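Below, all heavy atoms of this structure are taken into account, side chains as well, without hydrogens, waters or symmetry copies. This is a predicted model, so every value here is computed, not measured.
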Amino acid sequence: MLLHEYVRARAQSVGMPGVGGVTVAERPTRVIVVLVAALGAGFMQAGTPFTGWDWATVCLVIWGVVAAVGLVQLAVTVVRTVPGPGR
């Protein structure tokens with residue numbers, strides 16, 4: 001998740017206006033993922049339904065997928081908005 005903030009900061013330093021794009025991996029999504037994992041661990045100690053994985057593993061997998069999708073979204077936005085040579 002820190003990579004997103006780093007990419008934003010570097011893009012802003014070379015001319016990207018504002019925060020760039022809002023991605024799927026913003027703070028509200030991260031809070032929801034952690035909330036689901038915490039509630040799931042509290043109510044279903046045996047693990048997730050259908051997989052039997054513990055909730056920490058499910059949270060990390062979801063978090064990784066969301067982070068990867070968010071990074072792709074941010075990269076596309078940076079490429080579109082940062083002024084480059086010849087633009």
Side-chain angles (χ1 to χ4, degrees):
M1 301 319 301
L2 294 177
L3 183 58
H4 295 191
E5 301 307 321
Y6 177 75
V7 169
R8 269 197 186 106
R10 295 296 294 176
Q12 286 173 346
S13 72
V14 294
M16 183 177 76
V19 297
V22 177
T23 68
V24 71
E26 299 297 332
R27 185 173 292 138
T29 304
R30 298 190 307 251
V31 169
I32 290 169
V33 169
V34 170
L35 182 64
V36 166
L39 289 174
F43 289 113
M44 292 185 264
Q45 290 86 13
T48 59
F50 306 114
T51 63
W53 296 355
D54 65 359
W55 286 93
T57 303
V58 171
C59 180
L60 286 175
V61 169
I62 292 171
W63 204 317
V65 169
V66 167
V69 170
L71 189 59
V72 168
Q73 289 175 329
L74 185 59
V76 168
T77 301
V78 167
V79 168
R80 287 182 182 170
T81 60
V82 170
R87 288 187 185 173

Going only through I, L, V, M, F, W and Y residues with side-chain contacts under 4.5 Å, is there a path from Val72 to Trp63? no
I need the minimum non-hydrogen distance between Gly70 and His4, along with the two atoms involved. C-CE1, 3.8 Å
hydrophobic_cluster_shared for Val36 and Val69, side chain cutoff 4.5 Å: no
Side chain to side chain, Val61 and Val58, heavy atoms closer than 4.5 Å: no
Of all the heavy-atom pairs spanning Ala37 and Cys59, show the shortest one and how long it is. CB-CB, 3.6 Å
Might you point out which heavy atoms bring Arg8 and Met16 nearest each other, and give the distance in Å? O-CE, 4.1 Å
For a quick test of reading the model, state the closest non-hydrogen atom pair linking Met44 to Pro49 and the distance between them. SD-CG, 4.0 Å
Taking Thr77 for its side chain and Gln73 for its backbone only, find out whether a donor-acceptor pair lies under 3.5 Å. yes
Rounded at 0.5 Å granularity, tell me how far CG in Leu60 sits from CG in Asp54. 8.5 Å
Check the hydrophobic clustering (I, L, V, M, F, W, Y; side-chain heavy atoms under 4.5 Å; chains of links allowed) and say if Val33 and Leu39 are grouped together. no
Are Leu3 and Leu74 joined in one hydrophobic group, where the rule is that I, L, V, M, F, W and Y side chains link up if heavy atoms are under 4.5 Å apart? yes
State whether the side chain of Gln12 and the backbone N or O of Ala9 hold a donor-acceptor pair below 3.5 Å, judged by distance alone. no
Side chains of Gln45 and Trp55, heavy atoms from C-beta outward: is any pair under 4.5 Å? no
Are the side chain of Thr29 and the backbone of Ala25 linked by a donor-acceptor contact shorter than 3.5 Å? no
Where is the tightest heavy-atom contact between Val78 and Val7, given as atom of each residue plus distance? CG2-CG1, 4.1 Å
If Ile, Leu, Val, Met, Phe, Trp and Tyr residues are connected whenever their side-chain heavy atoms lie under 4.5 Å apart, and connections chain through other members, are Leu35 and Val66 in the same group? no
Electrostatic pair Glu5:Arg27 at N-O distance under 4.0 angstrom: no
